[in-house]
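First the structure, in the form of structure tokens, and then the observations on it.
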Amino acid sequence: MEKKVRVRFAPSPTGGLHLGGVRTVLYNYLFAKQHQGDFILRIEDTDQSRFVAGAEEYIYETLNWCGLEPDESPLKGGPFAPYRQSERKKIYREYAETLITDGYAYYAFDTSEELEVMRTSHRTETNPSPQYDHQTRMYMRNSLSIGSEGTEKLLTAKTPYVIRIKMPENEVLHLNDMIRGRVEFNTSLVDDKVLLKADGMPTYHLAVVVDDFLMQITHAFRGEEWLPSAPVHVLLWRYLFGEENMPAWAHFPLILKPDGNGKLSKRDSERLGIPIFAMAWTDPVSGETISGFREKGFLSEAFVNMLAVLGWNDGTEQEIYSLEELKEKFSIERVHKAGAKFNYEKAKWFNQEWIRKVSVDELSGLVRKIYNDQQVRIPDESYLRSVIMLIRDRCHLLPEFYTQGRFFFSAPKQWDLGALKPKWNVAKTSFFKSYSNAFGSISDWNALNLEMVFKELANSQGIKPGELQLPLRIMLVGEKMGPPVFEIASLLGKEESKKRINNLLDQTGDW
RNA sequence: GCCGCGUUGGUCAAGGGGUUAAGACGCAUCCCUUUCACGGAUGAAUCACGGGUUCGAUUCCCGUACGCGGUACCA
């Protein structure tokens, strides 16, 4: 009997959720869902000094936008509540003390100044960052170096302390990563990490294993940056709950900046003008806003799709996947080991694909919002939908529905005269006069008929129709862009088309 | 420095002892269209390096280089 799969995403609410974070959520979610398991959102807010107002709400909204709803969360509750670590504070101390009793951890009374002294005095060329470990711990002020009596004294005097894990010497630990296979560590090289901080809050290391155990997490997935501290977690599992009960691990590769090397960061967003957050994030203190994919005009389907295949593929040539399809086809084993550079151009391509794929219904709501923001009045829903169907193929980002389609809602006020004037003549003036006059006789107003009449008239007047198409386009659109010109006229309607032709004709006299 | 993880075109990547080393994005050229896109076609461009193992390594092993991550009372 297999245990029910339970995974968690455990962010620290300190700001916007960037690409890597959302991808971690996504992979967790996909894995859980394809195994009929639970996806838990746990808020790791153990560092009170890093509290950022609104960051937690931002996470909910992001998950909601992406369609990755947790089964249990601080907001939703669940059988293992609370899901906010700050509210679980009292739980952790007990485990830390058990560790001390069992000889796996100890009290440390060093002040931050003392730690600083140790780090500078032990610093050498070959060891630029000395650690609090088996080599140095006996020189520090802790229950190992000062004995139980001294410890008692300090404890009763209410001396601030932390609890540190006592890393064993020269033991080889290993971990079977679902992506990387067996990874080994020598415990001598790992420092005595703080487990419980002076304020009584646990560090990530303690909290993550205690909560993963208590919340019955079966698979623990996180970013690669956690791999180096994994031996601490393995040891904690061994000491507290039994290594055999430890969840299966997988460490995801990082998402790198598009140019150069290194982790994608907020700086890159500003520097390159590309979004890195799912949604715009405004820092409550500085007021500074970093734009997000949603605001740039991405469809959540495209965003999720793009993220899924950034570091994963199913071995076929398929690149476009819906969430449902991903649930079916995703597999941790096929996640790449190496980090991937983020490519914004490709991201836009995914969005373009999804703009064509998604229903007009869904698009119309989104596009309506964009037009509203631009103060464009939309006569009616069916007109909007027709415009959308006509221009969706040429849009990569949602805002392009405005730049590509605004002329459907208001007549051009200026024209690309440079494309017109040089080749203009009286024959063309009279052609357009007769063309717009002929509108009255077109009973079935559609692109095909419009084109037919256009061509017949042109031929009868001895002008090549091709030479007249561009002028017509400029009259209707104002510039050299847009869908097939008779489609435009057809949608615009008889009156409006006539009006726009006459608008320009009024000016040709001055040329 | 030390530890860990990586390394297939510019980018994302498939492949995994014998292949013309897929495909996508981007780029270039052409076609379509007397608009701009879309679409189609074609093209340039890749197995980090050095040793092994092998009849044969991009693929397996060992080094080296490079990159990234970690080295906090941050997660």
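Every chain is numbered from 1 and lettered A, B, ... according to where its sequence line falls, protein lines coming before strand lines. Source: prediction; values computed, not measured.
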What is the nucleic acid contact for [X], judged by heavy atoms within less than 4.0 Å: base, sugar-phosphate only, or nothing?
| X | value |
| --- | --- |
| A/Asp47 | sugar-phosphate |
| A/Pro483 | base |
| A/Gln404 | nothing |
| A/Asn186 | nothing |

> When you measure from the centre of the six-membered ring of A/Phe409, is the NZ or CZ of A/Arg406 under 6.0 Å away and within 45° of the axis?
Replying inline: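 Because its charged atom misses either the 6.0 Å distance or the 45° angle limit, A/Arg406 does not stack over A/Phe409.
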> Cation-pi between A/Lys357 and A/Trp354: NZ/CZ under 6.0 Å from ring centre and within 45° of the ring axis?
Replying inline: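 Judged by the rule, A/Lys357 and A/Trp354 form a cation-pi pair.
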> With a 6.0 Å cut-off on ring centres, are A/Phe221 and A/Tyr27 close enough?
Replying inline: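 Ring centroids of A/Phe221 and A/Tyr27 are no less than 6.0 Å from each other.
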>> Run the side chain to side chain contact (heavy atoms under 4.5 Å, CB included) test against A/Ser460 and tell me which residues pass, sequence neighbours left out.
In response: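 Scan of A/Ser460 (side chain to side chain contact (heavy atoms under 4.5 Å, CB included), adjacent residues dropped) gives A/Leu457.
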>> Quick test of your reading of the model: are A/Arg141 and A/Glu114 salt-bridged, counting only N-O distances below 4.0 Å?
In response: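 Yes, A/Arg141 and A/Glu114 are salt-bridged.
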> Which listed nucleotide (B/rU34, B/rG1, B/rA75) is nearest to the side chain of A/Thr126?
Replying inline: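 Given the options B/rU34, B/rG1, B/rA75, the side chain of A/Thr126 is closest to B/rG1.
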>> Across nucleotides 6-13 of chain B, 5' to 3', mark each nucleotide with B, S or - according to how protein heavy atoms within less than 4.0 Å reach it.
In response: SS--BBSS
> Within the pair A/Gln131 and B/rU71, is there a side-chain N or O less than 4.0 Å away from OP1 or OP2?
Replying inline: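 Answer no for this pair, as no side-chain N or O of A/Gln131 is under 4.0 Å from OP1 or OP2.
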